[in-house]
Structure formats: C-alpha cells, structure tokens
Amino acid sequence: MFRKVLVANRGEIAVRIIRACQELGIPTVAVYSEPDRLALHVRYADEAYYIGPAPATESYLRMDRIIQVAKEAGADAIHPGYGFLAENADFAQACRDAGITFIGPPPEAIRAMGDKVQARRTMMAAGVPVVPGTAEGITDEEALAAAETLGYPILVKAAAGGGGKGMRTVHSPEELPRALAAARREAKAAFGDDRVYLEKLIHPARHVEIQILADEHGHVIHLGERECSIQRRHQKLLEEAPSTAVDSDLRRRMGEVAVRAAQAVGYTNAGTVEFLLGPDGNFYFLEMNTRLQVEHPVTEMVTGVDIVKEQLFVAAGRTLRWRQEDIRMKGWAIECRITAEDPFNNFLPTGGKVTYLHEPSGPGVRVDSSLYGGMEVSLHYDPMVAKLIVWGETREEAILRMRRALEEYRIGGVRTSIPFHIQVMHNDAFIAGRLDTRFVERLFAEPNTLPREPQVVAVAAALIQRERERRTAIRLKPHRRLPSPWRWAARLEAVRP
Amino acid sequence: MFRKVLVANRGEIAVRIIRACQELGIPTVAVYSEPDRLALHVRYADEAYYIGPAPATESYLRMDRIIQVAKEAGADAIHPGYGFLAENADFAQACRDAGITFIGPPPEAIRAMGDKVQARRTMMAAGVPVVPGTAEGITDEEALAAAETLGYPILVKAAAGGGGKGMRTVHSPEELPRALAAARREAKAAFGDDRVYLEKLIHPARHVEIQILADEHGHVIHLGERECSIQRRHQKLLEEAPSTAVDSDLRRRMGEVAVRAAQAVGYTNAGTVEFLLGPDGNFYFLEMNTRLQVEHPVTEMVTGVDIVKEQLFVAAGRTLRWRQEDIRMKGWAIECRITAEDPFNNFLPTGGKVTYLHEPSGPGVRVDSSLYGGMEVSLHYDPMVAKLIVWGETREEAILRMRRALEEYRIGGVRTSIPFHIQVMHNDAFIAGRLDTRFVERLFAEPNTLPREPQVVAVAAALIQRERERRTAIRLKPHRRLPSPWRWAARLEAVRP
Amino acid sequence: MKYFVQVDGEEFEVEILEDGRVLLAGQPVHADLVQVHEDLYSLLMDHASYELMVERGEKGYRVLLGGVLYNVQVEDERRRRLLAGRSKPAAPVGDMHVKAPIPGLIVKVEVEVGQHVRADQPLVILEAMKMENEIRAPQAGIVREVRVSPGDSVEQGAVLVVLG
Amino acid sequence: MKYFVQVDGEEFEVEILEDGRVLLAGQPVHADLVQVHEDLYSLLMDHASYELMVERGEKGYRVLLGGVLYNVQVEDERRRRLLAGRSKPAAPVGDMHVKAPIPGLIVKVEVEVGQHVRADQPLVILEAMKMENEIRAPQAGIVREVRVSPGDSVEQGAVLVVLG
C-alpha cells in the first residue's frame, strides 16, 4: 500500500478521499488555495500545502506545483478526485514520469475516452451501441446538412466537453446557428477548444450509467447502474441506484457492454460508462467518465463496496477483492446534491458565510460535505457544497427517509438547493419512478404541489415584527430592562379555542 | 398501522423514534419540559406539548399528564424510549386501560422481569443459567453469612435496581457493611426501595447481551449479541456487535437461551437479555431489559434490521418480517456514547452551552444525537447527549473509522467523553479484542499511550497569547488599525529549516 | 397591536395583545415562537411544530417553511392608519435597473437601445462559474441604456441594462 | 517577543518575531495558526495539520489535541524579567477550599474537623445525576472546616471542606 497519498482536490471529494485513506491507515497530504485555508480537507489531512490564489488555474490546476508538493512531502500517490485534473491525461502522464502513482486509469485510457469522437469510433469497433451522430470539428454548414439527415431534435456537443459545458439542444434548423455559436463559445472558454459535433437526440431518454472497477491483472467488474436522469442544463441534481427502468436482465446486458467498453481502452481503476436508455429499452453509449463520479455513494450504499478504497487497492497493484458474482444490490439509495444555488431564482449561484449549520444524520443517512459553521462559500468553485445520501430497504423507505433528512438539514446564511429536492421528493412522477432527462423542465412548468401554510407564516412574521419594534423601542429607552430570553409565549390556557 | 404516535421521552432516543415514525409516514407527538422547548425532538415532531418543569418527576415521569396529552392529540400509541417510563409496568397498564397501545412488552412481562429476584426464579425454572446468589431483601447479617458461602468477590445489588444504581463490588468482609449502606442509600434515592441482594462475582467476565424481537403471534427471534463490557461504575460507555468472544456456535446457544427467557414471561416487542460470559465460555442470565436499549444501533448496523420500525410493526399487531434464518450479521459495528462528562476530571457531568458543533459523517458513520448549536446542556437529565456509531467490513476497519469520526467530532463549550473514546480506540487490549468488565479500571490505571505533541501545543499557545496581548494593546490605542482577519502567517520561505 | 401580513399577496390580520395572546383573523391561536439561531425560528402553533428560516430583506421577509418559499410584508395598524389617508402606492414607475446577480464576464449582449423587450426575454449572457447564464428582462419595457459590452468583467450588483 | 510556555510542566521557549516568523527553542518553524471558531483553532506547523480546542482558564490554557489534554501556562519575557528579581513563587500556602464540582445533594461527610487526610481520600459524598460522587482531597492536609452536612443541597462551586 502507499506510504502517503496527496489529494489534488478540494471540497467534499477531498474530504471523502482523506477519510478513506485514514481508514486504511495511510497518511494524507492536502493542497489548498488562498480561500481554502480553513477548509475541512486542510484540517482533516495530516499535512497541508498552500499552492496558490483562488482561481483554479493558479492553484488546483497547477500540475507542476502539485507534483512538486508530492515530491517534497514524500507522497507516492496522487488521487485527483473529480473535476480539476481528474481527466487530464497529461497530468496522469506527468505523475507517471515523476514516479508517482496516479490513482486512476492510465493516460492512454483517459485520452482514448477524452476525445469524444475517437471514443465513439473505438466503442463502435468494440460492438458497443452508440447514438447516431457526426464526426467532430464540423463546420456550421456541415452541421446544418448533417442535422437534416439525423432528424431533429439534435444535440450540439463540444468535442472536448464534459459536464454539460458546451452542450445545446436544438429543435429546428432556425435555432441551430445560435446554438452552435453558444456551444463553441462555452467550449472555447472551458476547454480552449471550440470544435463541436452533433448527435441525434434520444427522446424521452433516461440517463443511466454503469460503475466499473478494473484492476491491473485483467479483471473488470461492474457494480450495477445509477439513474441520473434528473438534470438541469445537463448538470445532474439527484441520482439513485438502482434505476426503476432497469431489471436484472437489462442490468446484466448494460453491465456486460460497459465492461466491454472499459476493456476496449485497457481501462484500470474506477470509471463510469454513461448510457442513454430509450423508451424502447435500447441503450446507447454516451461517454465514459474516466474518474470517480460525484454520485459514487449511491452505488456504495446498495452494493456495500467502498469504491474509493477499492481505487486505492487497485492503484497499488492489488487484485480486485470482488468477483462479478459477489456483487448484489440490496435496498435503494438516493443522493441529493446540495448546491449553493437559489432554486427560487433560476439556480443562481450564491456565496456567503454559513452562519448556522445542522446536518441530518441517524439511521441510513450519509452526508458527504465540505460545510462547516463559519465557512465562506466561495463563488470561485463549483457550487456543490455537500451531498446527502440515504439508503432504504425499499425505494419508498428511501424517499421518506430523504424527506425527513432534507427537512432536518439547516444551512443558515447561504441559499441552497434543498427546497428543490424537497419538491422532488413529493412529486408524483418521481415517486412513481417515471423519469427522463426532461423531468426537471416539466417540474418547473408545473405549480409547486407542496402544502402551503400561509397562516403559519403570517403569525410567525407578525411575532417577529413585533419583537423588532419592541427592540427598537427598548433601544430608545435604555433604562428599561430587556426581556430575556427572546421569546413570546401565549400559553394561557384561557385563549385556547 | 398507528394513526399518531406519542413519544414519551427526550434527547437522542426521542429523535430516533420520531425519525422512524416519519419514515413510516406516521405523525408524531412530542412532549417536553421547560428547558427542552428548543430540543430537536420538539422541533422534529409534528406536534409538541409542554408537560412541566425541568425535574423529570414533574414532567417526563408524569404518567397522568402524558396519557392526557395522548388523548388530547389523538395519539393511539405511545413509545416510551428507554429510561423514564420505559420499564414501568404501571404505565404500560395505564396505557392499556386508556385504550392506547404501549409500544413495548405487556405489563405482565415488565413486572416479571422487573423484580430481579422473581426473574431469577422464573429463569431457573425455564432452564436459563443464572449467577449464584441470595434472595432479595436480606439483612446485613444475612448478607455477611451468605457472602462467606458464595465466596468473595461478590456483588451487592439493589432489588429494584438497574443501570448500575445501587450496585457495589465487595472483595472482603471488611468492605461489606459500607458497601451495603451505600447501595441501600442509592437504591432508596433512585427507586424508593432499599432492599438488596448478593451475587457471586464472575471474574473476569464479559457483559454480552442478546437482542430479542417477539411478535404477538408467538414468534420470537434474536438478532445476535452485543459486547458491552466497557463500563465504568456499571454504566456502559462503548458497545460493539458482534463480540470478539462469541463464535457462531456460542451465538446460537446464547440466542436460544435468550429466546427461551423471553418466552418464559410471554414477552412481545423488542427486548434484551443480558448475560455475564465467563472466561470458560459459560454464560449466566443477568437480567432482561424490557425495552429498547441505548446500544440498539450496533445491532441494526450489522443485521440491517431497523429495530424501532420493527417495534412499531409488532406493536400494531403485525407478524415479524424476519425469521431466525434470515438474520445474518455482516461486518462490525461500534458505538461510542458521547456524554457531557469530563473524562479528565473523574467523568464529572458538565453542563453549558454548545457554542460550536460539527458532527462527523461520511461513509459508514451514523450519529444519533440530541445536540444542536446553541443548545444548553442541562444537568437535570442523563449526561448522554449523542451516540456515534460506525460500521466497517471488519472490526479493524470499524476501529479506524471510529478514530477518524471521533477526531472529526467538535463540540465547543461543553466537555465531553470524546477524548476517552479516542484513547480506547488506540488501546492495545481493545484493538486485540481482549475485553472484560474491568477494562476501564485497567485503562485508567495505565498511562495514556496516545502520542504527545507538547511542542505543537507550545507554539499554538504562544501565538494565541501574543494575539491576546496585541488585542489588549490595540484596545489601548484605538486609532491603530485592527489587522484582519485574526491570523498570523509565517509563510516566508526563508524561515523554512 | 394589529398586524396586516401579506403572504405572497394574500392578507392575514394578526393581533398580538399586550399579554402575549395572539388572534389570527380575530380567532385566538396558541402561538409560541422562539429563535433558535439568527434566521432560524421554532414555532408551536396550536401544538403543531414548525421550523422557519427567515431572511430579512429591504422589502420584507423571505420565509422558508417545509420547502416552500413565502414572500412576506408586515404592516402594523399605526402605519396603515398613517397611510390610509393617501392613495395606494402605485405600481413601480420610472426606470428598472437590471443588475448582475453574480460577478462574471459579459459574453454577449442580446438587445439594443430603443428595442422593445418582453418579460423574460434574454438581455445579456453572463459567464460565471464556467456556465453561461442568461440574464432576462424582469418585466416588459423599452431598453433605455446598455451599460456593458462583451468582454467586460462585472461585479455583483453592477447595472447591465436599464429598461423604461 | 519571547514566550516561555509550560506544557504540563515542561518548558518550551517560543519566539515570535515582529514579521511573524516563529522560532521554537531558537529553531525556525513554519507556523500558521487560524481561529476557526471561538475555542477551535487550526495550526499548520511545518505543513503538519493540527486542530486544537483551547479553553481559557484563570491559570492558563486547557488545550485538547488528538484526544490528549494539555495544561498550559504562558509567560512572556517582560513578565519573566519582572519576576526574575523576586524569589520563585512558592508552593501554594494557606487554606485549600474543596468545592462542589456540580450541584447536588450531600449524602455523607466522611471526615471531621482536625482530622489528617491523605491526598485522594474521600471527604464528602455528593449525589448528582442520581449517582453518588466521591469528592476527594486534592492534596494531603488537615481538615480545618466542614461546611456541609448530610441532606444539604449545594450549588456548583460551594465550599464543602477547608483543608489546611
């Protein structure tokens, strides 16, 4: 096993990885940017190194500096988490060149899957079904012609893309030029590469993905599927495992295809093969995420496999501890991504100081969080600040448990996506398991069906207002004694109706 | 299922029960005393009723008032939790008389097990092995004679006792009179009954208990054992499941005896049969706790059975959802009781305001807690404020996970037992699973073996002191600009050694 | 004291007597409100237990209860009497300043001065958090001013477009 | 400024230069201390990360780090110079007041006025939290006064016994 592991990331995923290392007795090294001095990953790690100012390009994306810190600290392995350098083949190569184990797949596999068009070609050759589409780097004119052949609606996607960046849905030829321009701009800004390609839109489709584990001795297994259809602008908001659309036969077939996809690029370590699942039960390879996923905990909760620990074992050259037949899914898991975004204001990212924090717990609840009381939520990084994951014997129990956990979650000072998730947990289509990638769009088109209690709010507001006025009055009359504690009781039995 | 459940308790167990009800869609009613107005159980329940001032005798022990609230609120069942009215047969009877389901065993079973001497007799008749001892209510003279026959060391126990109250270990005839007097005083104060009896001390002994579930249709199963040897003054501090001393054969035998014990008193609902396990593998019935135990979560973590939900099902007249052969223990679970006691000052209870709270989470960690930021920890009630429970694939993983979870746990403003638990998790005998009921005594006799870092503490203290002085100086010179934020960096690379 | 509370436009009359008793639309209710921490309140109302997150803004309160957001304004009887003589406050007149809700980079400006815009029509594309965010017109109007150009970095609250 | 820090009786010299550099026993260390919240501090020292809970008492600091408690006194060089001329502070003289660490009920008094007691000998039995707690002598001495009797209710900090 490794002597010391450097975690080249921040936020909840850095905490997740540090915890796994601690539970294996491996010392850890954190790196941090200026605003992250007090972040949990810095405080939980054994050692921490400052690597630069807030912008990621000057800190968490500085490969040279991170490798230098690893050498200085004597770390013999680097875990990249997700995002930042996780799918950067050059970084994986630089680690290898420096004699440091990159806890992830080999750079060749990252490259093979990183170029979406090459990946499509490789997958087609390996007999993996893909969505019909064009080559990458097409011109706007070529795109218009290809779209006619494929048939609308189509998707415009960035060749270098990922995470929904540089992606646009187009319903008619008139919308295409504008969508192409926007996608190219975003792709250029995010990846420095404005090449795009088109894909036929499968509709209604579910986004279902298969978790893969592969060791360096030729063993590849899958841990079943995750349902990730609940997305907004191609960003996942909520995931579950298993999927209500997948039975054991489909799971086996998708799993076998996913294993074949991984084998086709010589994949090792943990990875995820994303599929679109059509209403006819056909599924199409979308892309492979050559890293740990945000939503890996739902798979952990239903299979009992600790994916991050397995990553460490496999990267250290060990044989997978599990055979395919050992993997059984038990119960149901749901994950809500808690983001510092205002769901009542178009999901605009919100910064601010966390003035109060109370996270849910109790049976079947797991919180993977970067939050702490007093934290300044920075607008420099991804707005996802925590993940709330629950397990239940059944999907119904998981939903009821998620409701109570969301109701317990209190974050003061920062607006979050929690109310959105409460709404989903009470939505009839969600409860019935009727999901596709347009779920969120429809949800926002419908009126909110949560019970309204305006009379309760009115009474509370009046009492709060009275107290404000009273305090003002007291400030004007400093000799009057301040009633303490701040409280009004109307307990006189006489007034009970 | 029930229309509405009243939870006749406070603290973490009230929260635990409310969560279970919420996850079954059952509305809940909380009751609260004066200092508990803002307690989590009051805020998490659907309804809450004030029942009296702080002393338990005027609130949580007021049977009449609690039953009246249940009627007023329309609750058709009452869950008593543990402590307070949980093992009060009169209360169970009063619920029955009021047409309210008592979520626990029938009053007859509580009575049969509540009188320790009668319970011994019943158990002996049912072929359950018991520790050799005397009848209850013996005089001091009888005790002296009986002790000679049984052979020292012996235990003095309260006839009406429980939870270690009124219990004393005696090693020689000289110590006996004083121990008898102390036990009688404590028993009188706690139970209003100063009768005592003697028992042979099994030494070295483990305290191992078996969790029972029984429905009203004659089915009784057990959920395996819990190891509870880590006690201080007969109060459990830390529990685990399974026990390092129990193999599958012994588990089967103890389980069968425990089931027989429950059947002998017509037991239904959840209960626990406590045994002393001698070094020779012989085990002796100690007592049966006719209620939910504090440490039930470790059993839940290894069996996957939600004991509180099962209590609700069974009390509603349903058949047990599990047969004995369905119960399998998977992995290992440990629970640390987090108490507001100062382990560096003889475990003296400490009150105070919780100024900062950060509870651990992440994979395999469960916190059943009554804590919240701003809470006033009251000296009126049991000092246990939370339970930290972890699960691991193996005992080793569970220990490493517990270490990191304890290190993450931050409670400001109140001294707690967390440092004690950290010490246990690093103790060689604990790690090796060498436990008996004298474990804590030996632990305190040994020097603390945790690594000491006095130089780190010295540097931190000097920096804090300098800041205090600087602040004082700044207050004296109000025109000088206060450096902000409160921070000193000595990051100049020049000073690095 | 009587309070007139607007909750998402619906008015409730809440009277709080000197002895602390509460009347909702003239009917007594048993209400016990305690502050847990800054914006967090616990309310027991006729024994039902509620927890509310309350943000104070310029125009009133923003209350979150059970996943539902309520926009609340409170006016007490004295203030209502004072205003009673005057005409009702008219709908907002004059120019509407459309501001940047987060700091970011202007990627595109979709409107020109003098153009009529519908409510919800995109005005400006602002890149922040590596995503493009469309800033839309909060109400219909005519573009009076465009204060930014593509490539500009803007701070939170910077005026982007003025609608009239 | 030089600080002389006693950690459980062991002395460390820590010098903090005007520019913020830190010397421990004359050797430079890279130390970055930040307050997380009131009593909670994060320290990076030569890149090792520590979290300390620091309680301030009358006699110094009570520091908790990694499950270990440290009792700490800090003296700066000015104060040490001031005290240097004087003799070392002698061991505490005079009477020792044994106080109730928690509120409770006196169940028994185990000593009498005039009696010699050993360190750790039980003085009083105090019932609190429904448990009997033995209050023991913090040091050897003679019982000068017994201020309580069985049956008395005492507040936290009440003097139970005076030792001389």
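Letters A, B, ... mirror the listed sequences (proteins, then strands); counts begin at 1.
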Distance-only donor-acceptor pairs under 3.5 Å for side chains of residues 63-74 of chain C, two or more places apart:
{"residue": "C/Y70", "atom": "OH", "partner": "A/E453", "partner atom": "N", "Å": "2.7"}
{"residue": "C/Q73", "atom": "NE2", "partner": "C/K59", "partner atom": "O", "Å": "3.4"}

**Q.** Most chain A-contacting option - heavy-atom pairs closer than 4.5 Å, from C/M53, C/K2, C/E55
**A.**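 Winner by heavy-atom pair count: C/E55.
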
Q. Pick from C/I125, C/L44, C/L40: which one has the most heavy-atom pairs with chain A under 4.5 Å?
A.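 Most pairs with chain A among the choices: C/L40.
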
Q: With a 4.5 Å cut-off on heavy-atom pairs, point out which of A/P454, A/P419, A/A460 contacts chain C the most.
A: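 Heavy-atom pair counts peak at A/P454.
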
Q | Top contributor to chain C interface from A/R185, A/E407, A/H426 [non-hydrogen pairs under 4.5 Å] | A |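 Most heavy-atom pairs within the cutoff with chain C belong to A/R185.
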
Taking atom types as modelled and ignoring hydrogens, do the side chains of [X] and [Y] form a donor-acceptor contact shorter than 3.5 angstrom?
X: A/D36; Y: A/Y60; value: yes
X: A/Y381; Y: A/S33; value: yes
X: A/Y409; Y: A/E359; value: yes

Contacting region of [X] [heavy-atom separation from chain C under 4.5 Å]:
X: A/P451; result: backbone
X: A/R410; result: side chain
X: A/D342; result: side chain

Q: Check the pair C/D8 / A/R452 against side chain to side chain contact (heavy atoms under 4.5 Å, CB included), numbers first and verdict last.
A: CA-CA 11 Å; C/D8 292 336; A/R452 284 177 53 80; 3.2 Å; yes

Please report, to 0.1 Å, the donor-acceptor pairs under 3.5 Å made by any side chain of residues 346-354 of chain A, with sequence neighbours excluded.
{"residue": "A/T350", "atom": "OG1", "partner": "A/A340", "partner atom": "O", "Å": "3.3"}
{"residue": "A/T350", "atom": "OG1", "partner": "A/R415", "partner atom": "O", "Å": "3.0"}

Q.
For C/R136, which atoms come within 4.5 Å of any heavy atom of chain A: side chain, backbone, both, or neither?
A.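 The answer is neither part of C/R136.
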
